[in-house]
Structures are given as C-alpha cells and as structure tokens.
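Notes follow the structure.
If you read the sequence from its start, that first residue is 1, and numbering goes on from there.
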Amino acid sequence: NIKLIKPVIKMVGSKYKMFPWLLKHFNLDNQNKKITTFIEPFGGSGIVSVNIKHLYSNIKVYLNDFDNIFPLTREYIKDNNCRFNGYGSITKSAIKQYETKIKNGLWDKVKKYNDVLSKIQIDSNDYLSFCLKILETIKNCGKVFIYFDPPYYNEKSKYSKFYKNSLNLNKFISDIKNINENYDVNIAISFRDCYEIREAFATKHWNIYEYKKVNYHMSRFGKCPVVKELLITNYKKTNNERIKNEK
C-alpha cells in the first residue's frame, strides 16, 4: 500500500519492481530507531535511495552517482529515454514511449525526483572509496545500512551486453567481507543467482534469499526467461527462513 516514487529514466537492473520485496527484507521498519544512515554505493538510477528517503525522511541517505547523472537534466532524460535500455542505440519504439511519457506528465515526475535527490548526499567515486569515506566520517553516529547492487557483469554471460559498467567479482566479494569485519553495519547485497556468490557467502554469518522475476531485457531475442536474483544479508530477518546454499 505504500506510495512509491516511480523511475523517470531507464537503466538495466532497476530495482523499482523489486523494491517492495527488498524493503521487506531490509527490515527498516523494525530497525528504524537504530538505523540512522542508508548508503548505496552503486546508485544507478537512484530509484532505491530516492524511495528510501521518500519513505524514511529521518534517515540520512548517501548515494554514489558513478556516472555523474544527478541532478537529472532534460537533455539527459531525453537521450536516456530514446535509447534501448537507456544507453544503447536510439530506437523508434523508445522515442514513441518517451513522447507518451511527456504527455503523461514526465517533467512533473522529474521535478519530484530531483526534489528528493536534493535531500540526499551525493558523491561520485568508486564504490569502495565511497563507502570507506562515509564510514570513517560518521563513526559513532548510529547504525548504518549499506545496500550493494553492483552490475551483474560476467564476460562469459550473454546478459553482459546489457550492462554499461563491469565489476571484478573476486575483489567485490573481498571488499564486502572486509567492511563486514571492520565496521558495525547492516549489509544487503543484490546479485544474480550464480555459483560464485552462493559459495562466497555460504556461511552462518550470511543469509541468502531468492527472488524470481521475468527478464524482459531478452525480449529482442524473442524470449523473456524467468531468472532468480539473490539478496544476501549479514543480519537475519526472523519471518523468513534462510534458504539452503547450493554447492
């Protein structure tokens, strides 16, 4: 029943449709008195941080804008919406959708989006430097929640072409574990279901939850397969059972 702010730009991996499920697993309603800071190192379209700030005005939100797109301009909005997946080639169908969005009040929605962004602390850096800078700055300032939603890049995967940026998965896993060991923070990680991730977090200190969705990005190939995404947390949510890690 919550009123969410809707996306105004297109970006592969957007968590808008998945957000209610994520919010339930973030468990912020039960932790709200403790959580003072929400950090999103892979900001993407900003849709998660924007809605967290929209729903929890008392929580300070930090967003890493790696692509330097915020605040959103009309020029960027037009270019993004007229391209396949927001950064691919310009297509007639995308232009038509963009024109329809304008008729349906796109610019009012962009203003609302930017208004919320103005209340968020935004930086542009690599994810690790971004996290460590904030964690060192806000020491002893309450409980921190970090949500990692990196690009699911894998050079062997057919889905890689849909992502703009790449990720060194081994380094990412190592960085996450170091943050977990050295800082008192709640961590949640979104990632595609793969052996490497399950293996890396297959310990009693981590919890893994599954989310099934339709991959509409494969529609141009004539099929939309159902895929699984994982949410890994370093805290337990009592009303969800921890799934068995597959080896």
Side-chain angles (χ1 to χ4, degrees), residues 2 4-5 13-66 70 116-151 167 172-191 197 200-201 203-211 229-240 242:
I2 57 177
L4 297 181
I5 293 179
S14 171
K15 294 299 183 289
Y16 176 69
K17 292 183 179 180
M18 190 176 169
F19 183 80
W21 184 86
L22 286 174
L23 192 62
K24 180 176 69 174
H25 287 76
F26 287 172
N27 209 23
L28 292 178
D29 287 324
N30 294 331
Q31 304 179 62
N32 199 15
K33 293 181 179 179
K34 295 187 295 181
I35 298 295
T36 59
T37 305
F38 184 93
I39 301 174
E40 190 177 10
F42 297 93
S45 68
I47 195 64
V48 172
S49 285
V50 163
N51 275 295
I52 291 295
K53 190 62 182 177
H54 172 61
L55 297 171
Y56 301 95
S57 58
N58 59 312
I59 294 179
K60 189 159 188 178
V61 178
Y62 292 83
L63 172 66
N64 190 31
D65 175 23
F66 185 76
F70 302 131
V116 179
L117 283 170
S118 69
K119 301 172 185 175
I120 295 174
Q121 188 76 32
I122 300 175
D123 200 354
S124 181
N125 214 325
D126 70 90
Y127 69 88
L128 183 59
S129 298
F130 174 77
C131 285
L132 296 181
K133 177 182 176 182
I134 297 171
L135 291 173
E136 290 298 324
T137 302
I138 63 172
K139 273 185 176 180
N140 305 315
C141 292
K143 189 73 174 180
V144 177
F145 190 104
I146 308 180
Y147 173 54
F148 293 94
D149 181 28
L167 177 76
F172 172 71
I173 292 170
S174 176
D175 290 338
I176 296 294
K177 291 187 173 181
N178 285 334
I179 290 175
N180 182 55
E181 291 173 3
N182 292 294
Y183 296 91
D184 180 21
V185 296
N186 280 19
I187 295 175
I189 310 160
S190 288
F191 212 85
I197 287 292
F201 295 101
T203 72
K204 65 180 180 179
H205 303 293
W206 296 91
N207 310 283
I208 303 179
Y209 307 96
E210 291 182 352
Y211 179 86
E229 287 204 30
L230 303 179
L231 184 72
I232 302 103
T233 70
N234 68 344
Y235 59 90
K236 286 188 176 181
K237 189 172 185 299
T238 56
N239 62 336
N240 287 87
R242 182 176 181 269

Could you go through the side chain to side chain contact (heavy atoms under 4.5 Å, CB included) check for Asp149 and Lys15 one step at a time?
CA-CA 9 Å; Asp149 181 28; Lys15 294 299 183 289; 3.0 Å; yes
How far does CD1 of Ile146 sit from CD1 of Ile179, to the nearest 0.5 angstrom?
5.0 Å
Leu63 versus Leu117: any side-chain heavy-atom pair under 4.5 Å?
yes
Can you tell me how far CD1 of Ile39 sits from CD1 of Ile59, rounded to the nearest 0.5 angstrom?
12.0 Å
Please answer whether the main-chain N or O of Leu128 pairs with a side-chain N or O of Asp175 as donor and acceptor at a distance below 3.5 Å.
no
Partner of Phe26 under side chain to side chain contact (heavy atoms under 4.5 Å, CB included), picked from Tyr56, Trp21, Tyr147, is Tyr147
Just do the side chain to side chain contact (heavy atoms under 4.5 Å, CB included) check on Asn180 and Trp206 with the steps written out, would you?
CA-CA 10 Å; Asn180 182 55; Trp206 296 91; 3.6 Å; yes
Looking only at non-hydrogen atoms, find the nearest pair between Tyr235 and Ala188 and report the distance.
OH-CB, 4.3 Å
Report the residues that fulfil side-chain hydrogen bond (donor to acceptor under 3.5 Å, both in side chains) with Asn178, sequence neighbours left out, ordered by chain and then residue number.
none
Do the ring planes of Phe172 and Phe148 sit parallel (below 30°), tilted (30 to 60°) or perpendicular (above 60°)?
perpendicular
Could you check whether any side-chain N or O of Lys60 sits under 3.5 Å from a backbone N or O of Asn58, counting only pairs where one atom can act as donor and the other as acceptor?
no
Donor-acceptor pair, distance only, cut-off 3.5 Å: does the side chain of Asn125 make one with the backbone of Asn64?
no
Kindly say whether Asp65 contributes a backbone atom to a donor-acceptor pair with the side chain of Ser124 at under 3.5 angstrom?
yes
Any chance you could measure Leu230, atom CG, to Tyr209, atom OH, to the nearest 0.5 Å?
12.5 Å
Sequence neighbours excluded, every pair satisfying side-chain hydrogen bond (donor to acceptor under 3.5 Å, both in side chains) that has a member inside residues 44-53
Glu40-Ser49
Nearest 0.5 Å please: distance from the CG atom of Asn234 over to the NE2 atom of His205.
11.0 Å
Starting at CG of Leu231, measure out to CZ of Phe191 and round the result to the nearest 0.5 Å.
13.0 Å
Run the side chain to side chain contact (heavy atoms under 4.5 Å, CB included) check on Phe19 and Ile52 step by step: do they pass?
CA-CA 10 Å; Phe19 183 80; Ile52 291 295; 4.0 Å; yes
Can we call the ring centroids of Phe66 and Phe42 under 6.0 Å apart?
no
With sequence neighbours excluded, residues passing side-chain hydrogen bond (donor to acceptor under 3.5 Å, both in side chains) with Glu181
none
Given side chain to side chain contact (heavy atoms under 4.5 Å, CB included), test Ile134 with Gln121 step by step and report yes or no.
CA-CA 10 Å; Ile134 297 171; Gln121 188 76 32; over 6 Å; no
Does the side chain of Tyr211 come within less than 4.5 Å of Leu22's, by heavy atoms?
no
Could you state the interatomic distance from CG (Asp123) to SG (Cys131), rounded to the nearest 0.5 Å?
11.0 Å
Which atom of Ile176 lies closest to which atom of Ile187, heavy atoms considered
O-CD1, 4.2 Å
So among Leu28, Val50, Leu4, which one has a side chain to side chain contact (heavy atoms under 4.5 Å, CB included) with Leu55?
Leu4
When you measure from the centre of the six-membered ring of Phe201, is the NZ or CZ of Lys177 closer than 6.0 Å and no more than 45° off the axis?
yes
